[in-house]
Asker: 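Attaching a single structure in structure tokens format; questions to follow.
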Amino acid sequence: THLKEISLSYNQFTGHLPENVCIGGLLKYFTASNNHFIGSIPKSLRNCTSLFRVRLQGNQLTGNIGDIFGVYPHLDYMELSYNKFYGELSTNWGQCQNLTSLKISNNDISGRISPKLGDASQLHLLDLSSNKLYGEIPKELGKLTFLIELNLGNNKIFGHIPYNFGMLSNLEGLNLSRNSLSGLIPELGN
């Protein structure tokens with residue numbers, strides 16, 4: 001019940017993630033990347049508000065991405081890429097006020113990108129590439145003034161690039177390739 005850190009990455013673990021991994025409510029660091037874990041995210045993680053850094057990429061985890069994660073007031077880093085998550089992104093990510101990196105590439109996520117994601121004001125890196133996202137890029141992402149890298153490549157996004165992307169003065173990398181975007185490219189690089 002006093003557990004604060006679990007690191008299981010780069011092994012050959014199989015089966016499900018431990019169900020009561022955050023039973024004590026103190027877990028800050030949970031890394032189990034690059035294994036062979038299957039199944040959904042443990043329910044104890046949904047309400048684990050102490051989380052600071054989570055790395056679960058490179059497994060075969062599944063579940064509806066819109067239902068399995070809660071609001072994490074201390075969360076700084078979340079990496080869920082290269083799994084089998086599906087469904088639509090939750091609006092909860094926008095309520096994670098200290099989140100600097102959100103990586104959920106190479107999954108089966110569909111639906112539109114929630115405008116609420118623009119409320120995660122500390123985001124430096126957002127990678128939602130290689131999913132099945134569609135619709136337009138929300139102009140609210142232009143409020144993420146600390147954004148250094150934005151990758152929405154290889155989805156089914158259409159419409160225009162929001163005009164306010166020119167205000168992303170810290171942006172170093174922008175990948176919108178392999179979508180169905182059209183129209184004029186706004187002034188970038190301000």
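FYI, the numbering just counts along the sequence from 1. None of the values given here were measured: they were computed from a predicted structure.
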Asker: Do Gln97 and Gln122 come within less than 4.5 Å of each other through their side chains, counting heavy atoms only?
Answerer: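 Side chain of Gln97 against side chain of Gln122, heavy atoms only: no contact under 4.5 Å found.
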
Asker: Counting distance only, does the side-chain N/O of Asp127 pair as donor-acceptor with the main-chain N or O of Ser129 below 3.5 Å?
Answerer: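 Side chain of Asp127 to backbone of Ser129, a donor-acceptor pair under 3.5 Å: yes, one is there.
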
Asker: Would you check if Lys103 and Tyr77 make a side-chain contact, meaning some heavy-atom pair closer than 4.5 Å?
Answerer: yes

Asker: Look at Arg46 together with Asp67 and state whether they make a salt bridge at an N to O cut-off of under 4.0 Å.
Answerer: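 No, this pair does not count.
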
Asker: What closest approach, in Å, do Asn155 and Leu133 show between heavy atoms, and which atom pair accounts for it?
Answerer: OD1-N, 3.0 Å

Asker: With a 3.5 Å distance limit and no angle check, can you tell me whether Asn34 reaches the backbone of Ser9 through a side-chain donor-acceptor pair?
Answerer: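 Here the side-chain-to-backbone pair does not exist.
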
Asker: Do Ile41 and Phe85 come close enough that some side-chain heavy atom pair is under 4.5 Å?
Answerer: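 They are in contact (side-chain heavy atoms under 4.5 Å apart), so the answer is yes.
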
Asker: Flag yes if Leu80 and Leu125 sit in one hydrophobic cluster, no otherwise; membership is Ile, Leu, Val, Met, Phe, Trp, Tyr, and two members link when side-chain heavy atoms are under 4.5 Å apart.
Answerer: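 Unlinked, Leu80 and Leu125 end up in two clusters.
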
Asker: For Ser90 versus Gly66, what's the shortest heavy-atom pair and its separation?
Answerer: CB-O, 3.7 Å

Asker: So, for Pro73 and Thr49, which heavy atoms are closest and what is the spacing to 0.1 Å?
Answerer: CD-O, 3.7 Å

Asker: What's the separation between atom CG in Leu89 and atom CZ in Phe69, rounded to the nearest 0.5 Å?
Answerer: 11.0 Å

Asker: Taking the side chain as every heavy atom from C-beta outward, state whether Ser44 and Ile23 have any pair of such atoms under 4.5 Å apart.
Answerer: no

Asker: Quick one: pull up CG in Asn83 and CZ in Phe37 and give me the separation to the nearest 0.5 Å.
Answerer: 11.0 Å

Asker: Starting at CG of Leu26, measure out to CG of Leu3 and round the result to the nearest 0.5 Å.
Answerer: 8.5 Å

Asker: Using only atom types and a distance under 3.5 Å, with no angle test, would you say the side chain of Glu88 pairs donor to acceptor with the backbone of Asn64?
Answerer: no

Asker: Taking atom types as modelled and ignoring hydrogens, do the side chains of Ser130 and Ser105 form a donor-acceptor contact shorter than 3.5 angstrom?
Answerer: no

Asker: Could you grab the distance from atom CG of Leu117 to atom CG of Asn92, nearest 0.5 Å is fine?
Answerer: 11.5 Å

Asker: Decide whether Ile6 and Met78 are clustered together by the hydrophobic rule: side chain heavy atoms of Ile, Leu, Val, Met, Phe, Trp, Tyr closer than 4.5 Å, transitively.
Answerer: yes

Asker: To check you understand the geometry: which heavy-atom pair defines the closest contact between Phe52 and Leu75, and what is its length?
Answerer: O-CD1, 3.5 Å

Asker: Is Val21 reachable from Leu51 through a run of hydrophobic residues whose side-chain heavy atoms are each under 4.5 Å from the next?
Answerer: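 In one cluster: yes.
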
Asker: State whether Lys84 and Asp108 are salt-bridged, where the test is any N-O pair (Lys NZ or Arg NE/NH1/NH2 against Asp/Glu carboxylate O) under 4.0 Å.
Answerer: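 No, Lys84 and Asp108 are not salt-bridged.
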
Asker: Check whether any side-chain N or O of Asn179 sits under 3.5 Å from a backbone N or O of Phe158 as a donor-acceptor pair, and report yes or no.
Answerer: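 No, Asn179 side chain to Phe158 backbone: no donor-acceptor pair under 3.5 Å.
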
Asker: Using a 3.5 Å distance criterion without hydrogens, assess whether the side chain of Ser50 forms a donor-acceptor pair with backbone atoms of Gly25.
Answerer: yes

Asker: Within the 4.5 Å heavy-atom criterion, are Asp119 and Lys143 side-chain neighbours or not?
Answerer: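 The answer is yes, as the side chains (C-beta and beyond) meet within the 4.5 Å cut-off.
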
Asker: Do Ser40 and Ile68 have side-chain heavy atoms sitting under 4.5 Å apart?
Answerer: yes

Asker: Report yes or no: do Leu8 and Tyr82 belong to one cluster of Ile/Leu/Val/Met/Phe/Trp/Tyr joined by side chain heavy-atom distances under 4.5 Å?
Answerer: no

Asker: To check you understand the geometry: which heavy-atom pair defines the closest contact between Tyr72 and Leu45, and what is its length?
Answerer: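 So the two residues come closest at OH-O, 2.9 Å.
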
Asker: Would you give the length of the straight line joining atom CG of Leu128 to atom CG of Asn107, rounded to the nearest 0.5 angstrom?
Answerer: 10.0 Å

Asker: Do Thr100 and Asp76 pair up side chain to side chain, a donor and an acceptor below 3.5 Å, judged on atom types alone?
Answerer: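 Distance-only check passes for Thr100 and Asp76.
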
Asker: What heavy-atom pair brings Ile113 and Ile157 nearest, and what distance separates the two atoms?
Answerer: CD1-CD1, 4.0 Å

Asker: Side chains of Thr62 and Gln60: is there a donor and an acceptor less than 3.5 Å apart?
Answerer: no

Asker: Just wondering, do Gln57 and Arg55 contact through their side chains at under 4.5 Å, heavy atoms?
Answerer: yes

Asker: Donor-acceptor check, side chain of Glu140 to backbone of Ile137, threshold 3.5 angstrom: yes or no?
Answerer: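 Between the backbone of Ile137 and the side chain of Glu140 there is no qualifying donor-acceptor contact (under 3.5 Å).
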
Asker: Could you check if a side-chain atom of Glu149 sits within less than 4.5 angstrom of a side-chain atom of Leu126, using non-hydrogen atoms only?
Answerer: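 They are not in contact (no side-chain heavy atoms under 4.5 Å apart), so the answer is no.
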
Asker: Nearest 0.5 Å, what's the CG-OG distance between Leu141 and Ser114?
Answerer: 9.0 Å

Asker: Evaluate the side chain to side chain contact (heavy atoms under 4.5 Å, CB included) criterion for residues Ser33 and Tyr10: first the C-alpha distance (whole Å), next the side-chain angles of each, then the deciding distance (0.1 Å), finally the verdict.
Answerer: CA-CA 6 Å; Ser33 56; Tyr10 295 97; 4.3 Å; yes

Asker: Transitively linked via ILVMFWY side-chain contacts under 4.5 Å: Ile161 with Leu171?
Answerer: yes

Asker: Classify the ring geometry of His124 against Phe146: parallel below 30°, tilted from 30° to 60°, perpendicular beyond 60°.
Answerer: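 Parallel: the ring planes of His124 and Phe146 meet at under 30°.
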
Asker: Using a distance-only test with no angle check, is there a side-chain donor-acceptor pair under 3.5 angstrom linking His36 and Gln12?
Answerer: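 Gln12 and His36 do have a side-chain donor-acceptor pair below 3.5 Å.
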
Asker: Within 45 degrees of the ring normal and closer than 6.0 Å to the centroid, is that where the cationic atom of Arg53 sits relative to Tyr29?
Answerer: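 Not satisfied by the 6.0 Å and 45° rule.
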
